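Below: the structure, in structure tokens.
Here the structure is a predicted model, which means the values were calculated and not measured.
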Amino acid sequence: MADRHPSAFSRRRTTLRAIAAGVGFLLVRPSVATPDDLAIALREAFGDRPITPGKLKLEVPRLAENGSVVPVAITVESPMTAQDHVKSIHLFAENNPLPRVLSVELGPYNGRARVATRIRIAASQQIRGVAVMSDGSLWSAAVDVEVTVGGCAP
């Protein structure tokens, strides 16, 4: 080691640190959910009850420039009376690390079954909304969203 130049030793140490940091970033990157994770989240939330397409409308841009702030509006067809109203609205993003993105409780005195918010999505994926009605029925809608810059990854 006596014949080595200190700057060569210093460069080698810097290179090894950079490699170790790169490996660390690969190991610590965020997980991405799968459609199977979405099916599990839906089963946990609603059991084995059938989910019927319809009554729910999702307003989401088909192309989101930034996955960190994707505007979403959810509207459910309902008279919002004591006998017939929306009990809750749920939003799921199939490829997010946590597929369940939003849950909102409603009642007959809300007047309209409409919720608007902004969500964060990891990548291009399907966004699914589910409404739970006062009679226990489940209604849904889904929209495919293309994301140019992800919002859930560092």
Could you point out which residue of Lys57, Glu59, Arg62, Gln126 forms a side-chain contact (heavy atoms from CB on, under 4.5 Å) with Val143? Arg62
With rounding to the nearest 0.5 Å, note down the distance linking CD in Glu146 to CG in Leu63. 7.0 Å
d(Ile89 CD1, Thr117 OG1) to nearest 0.5 Å is 11.5 Å
For the student: nearest non-hydrogen atoms of Ala93 and Gln125, plus distance: C-OE1, 3.1 Å
Any sub-3.5 Å donor-acceptor pair from Arg128's side-chain atoms to Leu38's backbone N or O? no
Nearest 0.5 Å please: distance from the CG atom of Asn95 over to the CD1 atom of Ile127. 8.5 Å
For Trp139 and Ile51 the tightest heavy-atom approach is C-CG2, 4.4 Å
Do Leu106 and His85 come close enough that some side-chain heavy atom pair is under 4.5 Å? no
Heavy-atom count check: over 12 atoms from other residues, nucleotides or ligands less than 6.0 Å from Arg112 CZ? no
Just so I know, are the side chains of His90 and Arg100 near enough to count as touching, which here means a heavy-atom distance under 4.5 Å? yes
Exam field: side chain Thr148 to backbone Glu65, donor-acceptor pair closer than 3.5 Å: yes
Considering all heavy atoms, the nearest Pro71-Val69 contact: CD-O, 3.5 Å
Checking Leu58 against Val72 for the side chain to side chain contact (heavy atoms under 4.5 Å, CB included) test, could you report, in this order, the C-alpha distance in whole Å, the side-chain angles of both residues, the deciding distance, and whether it holds? CA-CA 7 Å; Leu58 282 175; Val72 178; 4.3 Å; yes
So Ile74 and Leu102, do their side chains get closer than 4.5 Å, heavy atoms only? yes
Can you confirm whether Met133 sits close enough to Val86 that some side-chain heavy atom of one is under 4.5 Å from a side-chain heavy atom of the other? yes
Less than 4.5 Å apart, any side-chain heavy atom of Val130 and any of Ser140? yes
Is Asn110 reaching over with its side chain to a backbone N or O of Gly107, donor-acceptor style, under 3.5 angstrom? yes
Just so I know, are the side chains of Met80 and Pro108 near enough to count as touching, which here means a heavy-atom distance under 4.5 Å? no
Spell out, as yes or no, whether a donor-acceptor pair under 3.5 Å connects the side chain of Asn96 to the backbone of Arg120. yes
Least distance between heavy atoms, Val147 atom then Ser124 atom: N-OG, 2.8 Å
Scanning both residues in full, the closest heavy-atom pair of Ser134 with Lys87 reads CA-CD, 3.6 Å
